[in-house]
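Everything on this sheet refers to the single structure shown next.
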Amino acid sequence: MAKDTHPREPVTAALFDMDGVVTDTAQAHFAAWKETFDPVLARHGSGAAAAPFTQADYHAHVDGVPRLDGVRRLLAARGMALPEGVPGETDLDSVEGIAATKNRRFGAWLESRAVPAYPDTIALIRALRERGVRVGLFSASRNTARVLASAGVTDLFEAIVDGEVARALALPGKPDPAMPVEAARRLGAEPARAALFEDAVSGVEAGRRGGFGLVIGVDREAGAKRGSHAAALRASGADLVLDDLRAALPVLVPGAAIA
């Protein structure tokens, strides 16, 4: 039997993850992580543990989670343990140094171009707002303000809960639901009456744990990778997986369509 993808109650709010859902930055994050992790793995690993960082590693361990947590998770998955280090380190022999190096590389990418936003997501957000659905954004990134400003989409969101907010409020990262739940709270919405859009497995898990009325997985992968990532999103609890978010409008607002 097909799963009923309509929320049990009318949707009053929609919460969007940023990287890979609103902004086309996921590949830049992957490239920065790969450039950072490959020498770490070659230096500290042996055998299979020394194999280069892959897209599968990105989705399973670092996508959508705070940088330091991502480093710890990837190292643990490869059977490695490195010292925590101290903030500000830039070597590749500590968790702090690896995270700082990755952020520096992503920052250089961000400085060199305007960040593109996904047209399908922007069209959906505008259509939702026109119909009175409140819209918020959540992201583990502490670069969120810069990314949204570069893409020119900051004003689309009525509430933003990012890595800086999470640090100030001591909110745990995904798969804990604290960040999207806080974003819903700032919109005055109950999670049960909100839809959550995520491209990361950890984010889909957060949506399920947070009791969101509808959890929509976003699959931007191309070719053969598309099927495997979509399957992982569904296995993590996504009610629906889409590669074009305009198709979500009639699910959230029955009878509505984007011209």
Side-chain angles (χ1 to χ4, degrees), residues 12-23 25-26 28-29 32-33 36 61-74 83-90 94-111 115 117 125 134-191 194-212 215:
T12 62
L15 284 301
F16 293 81
D17 179 41
M18 182 176 70
D19 295 310
V21 177
V22 175
T23 57
T25 41
H29 280 292
W33 277 120
T36 302
H61 306 301
V62 304
D63 186 19
V65 302
R67 279 193 302 276
L68 292 170
D69 289 346
V71 174
R72 296 182 191 110
R73 287 172 56 161
L74 188 280
E84 283 293 305
V86 297
E89 286 186 354
T90 57
S94 71
V95 171
E96 288 279 358
I98 294 168
T101 300
K102 183 270 175 181
N103 193 49
R104 185 174 66 251
R105 286 178 170 143
F106 179 73
W109 179 90
L110 189 57
E111 290 291 336
V115 172
I125 289 172
R134 305 196 70 182
V135 177
L137 179 136
F138 61 98
S139 173
S141 176
R142 290 168 60 183
N143 293 306
T144 296
R146 292 174 62 199
V147 171
L148 294 177
S150 178
V153 297
T154 305
D155 292 345
L156 290 179
F157 303 99
E158 299 174 74
I160 296 173
V161 175
D162 63 2
E164 295 293 351
V165 172
R167 182 173 64 165
L169 298 181
L171 300 177
K174 298 175 280 189
D176 191 285
M179 293 182 69
V181 167
E182 173 65 14
R185 186 192 69 78
R186 294 183 178 205
L187 291 175
E190 292 293 330
L196 181 144
F197 292 81
E198 257 287 0
D199 71 321
V201 166
S202 62
V204 168
E205 292 175 355
R208 283 274 70 89
R209 294 184 189 184
F212 282 83
V215 179

Under the side chain to side chain donor-acceptor pair (under 3.5 Å) test, residues paired with [X] that sit two or more places apart:
X: S141; result: none
X: T36; result: R105
X: D199; result: none
X: R73; result: none

Can you measure from CD (E198) to CG (L15) and round to the nearest 0.5 angstrom?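 Separation between the atoms: 10.0 Å.
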
Side chain to side chain contact (heavy atoms under 4.5 Å, CB included) against [X], all qualifying residues, sequence neighbours excluded:
X: P172; value: D176, A178
X: T12; value: A189, R193
X: A100; value: none
X: R185; value: E182

For R146, which residues count as a salt bridge (charged side-chain N to carboxylate O under 4.0 Å, His left out) partner, sequence neighbours excluded?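 In terms of salt bridge (charged side-chain N to carboxylate O under 4.0 Å, His left out), with neighbours along the sequence ignored, R146 is linked to E111.
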
For E84, check salt bridge (charged side-chain N to carboxylate O under 4.0 Å, His left out) against everything at least two apart and list the hits.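 Salt bridge (charged side-chain N to carboxylate O under 4.0 Å, His left out) list for E84, sorted by chain: R72.
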
Without swapping roles, check the side chain of S202 against the backbone of D63 for a donor-acceptor pair under 3.5 Å.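 Yes, because the side chain of S202 sits within donor-acceptor range (under 3.5 Å) of the backbone of D63.
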
Could you pull out all residues at least two apart from H61 that satisfy ring-ring contact (aromatic ring centres under 6.0 Å, His included)?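 ring-ring contact (aromatic ring centres under 6.0 Å, His included) check on H61 returns nothing, list empty.
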
So do W33 and V71 actually touch side chain to side chain, heavy atoms under 4.5 Å?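 In contact.
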
Show the atom names and distances, to 0.1 Å, of all donor-acceptor pairs under 3.5 Å that link a side chain in residues 148-160 to residues at least two apart or in another chain.
| residue | atom | partner | partner atom | Å |
| --- | --- | --- | --- | --- |
| S150 | OG | V115 | N | 2.8 |
| T154 | OG1 | A149 | N | 3.4 |
| E158 | OE1 | R134 | NE | 2.9 |
| E158 | OE1 | R134 | NH2 | 2.9 |
| E158 | OE2 | V135 | N | 3.2 |

